[in-house]
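One-based numbering along the sequence shown. First listed ligand is number 1; within each ligand, the first listed atom is number 1.
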Amino acid sequence: MFWLPLLTLPAAVQGQGFSTTMLRFGCSQIAIDRVDPLVEPGNVPSAHVHQIVGGNAFNASMPVTDISKLATCTSCTFDQDLSNYWTANVYFRARNGSYKRVPQMVNEAIGPANGGITVYYTAPGPNTVTAFKPGFRMFTGDVNRRTPTNLGRRVQSCFRCYTGPNFGGNIYAPCMDPQRDTEHFPTQPCPGGIRSSVIFPICWDGKNLDTPNHMDHVAHPIDGPAPFAVVDGKCPDSHPVKIPQVHYEIVWDTTAFNRKEDWPVDGSQPFVLSTGDPTGYGQHGDYVFGWKDNSLQHAMDNRCFGPTCRGLTTQGFDKANACTVKRLVNEDNDGWLDHLPGQEHLAHPM
Ligand SMILES: *[C@@H]1O[C@H](CO)[C@@H](O)[C@H](O)[C@H]1NC(C)=O
Ligand SMILES: *[C@@H]1O[C@H](CO)[C@@H](O)[C@H](O)[C@H]1NC(C)=O
C-alpha cells in the first residue's frame, strides 16, 4: 500500500495546511555525467558530476522550449513527465585520500527503479497553483555554502541518517524533524543509508521562464521558505504566482562505507559532494520543466496523490529504466579515484 504521510506528520504541521494534492513518484537515472545545461550550458565537461533523471531530451545545453516535444522517453513513471531533474553526487573519501562514488538506492515504496530521484509536487489543494510553462527552469541551493541557514523546519536542504534497514523506520516529513534531519552530512555511520532532500521555492514572478542566476524568477513566501508539503505561505508582490512545490529525495547507499577504520583519523565524517563540499550545506538541485500539455496542471487541480492520477498514465520501471542518454564525458566515475572529477585542485586534501 502507498504510504500515508498525513497520519504521521506532527499535528502542528497538519494544522498548517499540509497538502492533500501531492504527486510522489520515482525517476531512474538516465545518466551520471559531468554536464550541467542549466548552470554551465555547453560545457563538456562541466565543473562537477551530476546524477540526472527524466526525459531523454537532456543534453549539455537545452533550448528554452517545450522539451516534452523533444524527448521520446522518460525515466519517470508518469508517461507525461519528460522534465529533467538533477543533483550533485555524493562520494566517499577514504582515509588514504581516494574517492569512490556512493550509489543511489531505491526509496521507500517506489519500486524497482535504477537509483535516481524521488520527485514530489505539492499544492495546498485543488486549483491553488499555476503549473510551470514550457521552457521553465530553476535552481535551488548554494554550491558555495559551507554554513547552516538555521531555518529550523523551513530548511530547504537536509540529510537524514537512516539508522537501520528499511529506511530506519522513519521516512516522514523531510527536513522537519530536528531530531533526525541535519543541514550537514550526518556525523555518524548510517547503516540504512543517507537521504538527501532538496526543496524548491513556491512563488514565481509570473513572467520569466528563467533568469541569469536561475533563481531570481522564483522566491519564497514572505514568512520564509515553505516547509515540505506546506504550500500555503503568502507570496511576495514581486512573485505573486503560487507554483507547485517541487521536492527531490535521493537515498545514498552508504552501506559499503560505514567502517570507522576507513574514516578520517580525526573522526570526521567521510562523505563529500561532487562539488568538493565536505559539509553538505552546499547541496543543490536543478529543474527543467517538461510535462506534456496541461498534464501537471491537471494533476494539481484534481487532488492527485502519490504515484498515480486519474487522467494521466504511468509506465513500469522496465520501461523507465530503459530510457537513458549517452554519456558525454568519458571518464571513470565508478572506480577508486585520486581526485573528484573536475576537482583536481582538491586532490588528497587530508
Ligand atoms: C545534443 O546536442 C548535440 C549538439 O548540439 C546534438 O548534436 C545532439 O543531437 C543532441 N542530442 C540530443 C539527444 O538531443
Ligand atoms: C584507499 O582505500 C580504499 C579503502 O580502503 C581502498 O579500496 C583503495 O584501494 C585505497 N587506494 C589506494 C590508492 O591505496
Side-chain angles (χ1 to χ4, degrees), residues 27-46 49-76 81-86 89-103 116 134-135 137 185 189-191 194 210 252-272 274 276 278 286-292 319-341 343-344 346-350:
C27 299
S28 295
Q29 71 191 40
I30 55 170
I32 290 181
D33 205 350
R34 198 137 67 82
V35 286
D36 189 341
L38 195 53
V39 176
E40 295 182 71
N43 281 5
V44 182
S46 65
V49 176
H50 289 114
Q51 55 131 356
I52 306 119
V53 307
N56 68 343
F58 183 82
N59 209 339
S61 78
M62 295 178 69
V64 179
T65 184
D66 187 350
I67 62 161
S68 78
K69 296 199 160 65
L70 302 179
T72 56
C73 68
T74 175
S75 71
C76 298
D81 184 12
L82 299 123
S83 307
N84 286 115
Y85 311 89
W86 66 98
N89 286 77
V90 171
Y91 285 77
F92 170 73
R93 188 186 57 192
R95 186 171 286 193
N96 61 16
S98 296
Y99 295 91
K100 190 141 178 26
R101 186 172 64 75
V102 178
R137 62 256 325 255
F185 279 120
C190 301
I194 296 174
D210 195 8
W252 307 101
D253 185 359
T254 56
T255 51
F257 309 107
N258 283 335
R259 285 180 308 275
K260 274 283 204 169
E261 59 269 27
D262 294 334
W263 284 34
V265 185
D266 67 3
S268 60
Q269 72 83 29
F271 297 104
V272 56
S274 54
D286 297 83
Y287 176 68
V288 176
F289 170 77
W291 287 75
K292 273 189 191 299
K319 287 178 102 172
N321 293 351
C323 186
T324 59
V325 298
K326 202 167 147 294
R327 270 180 63 184
L328 297 172
V329 180
N330 287 314
E331 62 187 356
D332 184 3
N333 272 338
D334 295 326
W336 286 94
L337 308 173
D338 56 13
H339 57 78
L340 292 169
Q343 306 288 323
E344 288 77 2
L346 296 177
H348 297 293
M350 316 302 290

Closest contact, heavy atoms only, Gln269 versus Arg93: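 That closest heavy-atom pairing would be O-NH2, 4.4 Å.
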Least distance between heavy atoms, Leu82 atom then Ala71 atom: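 Smallest interatomic distance, heavy atoms only, reads CD2-CB, 3.5 Å.
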NZ/Lys319: more than 12 non-hydrogen atoms of other groups inside 6.0 Å: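 Not more than 12 within 6.0 Å, no.
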Side-chain donor/acceptor of Asn43 to backbone N/O of Pro45, under 3.5 Å: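 Not at all, since once roles are kept as given, no pair shorter than 3.5 Å links the two residues.
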Amino acids contacting ligand 2, non-hydrogen cut-off under 4.0 Å: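 The answer is Ala94, Asn96, Ser98, Asp262, Trp336, counting any residue whose heavy atom sits under 4.0 Å from ligand 2.
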Parallel, tilted or perpendicular: ring planes of Tyr85 versus Tyr287, cut at 30 and 60 degrees: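 Rings of Tyr85 and Tyr287: tilted, 30 to 60°.
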Heteroatom proximity flag, Asn59 to ligand 1, N/O under 3.5 Å: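 Right, the criterion is met.
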side-chain contact (heavy atoms from CB on, under 4.5 Å) assessment of Phe271 paired with Phe92: CA-CA 5 Å; Phe271 297 104; Phe92 170 73; 3.9 Å; yes
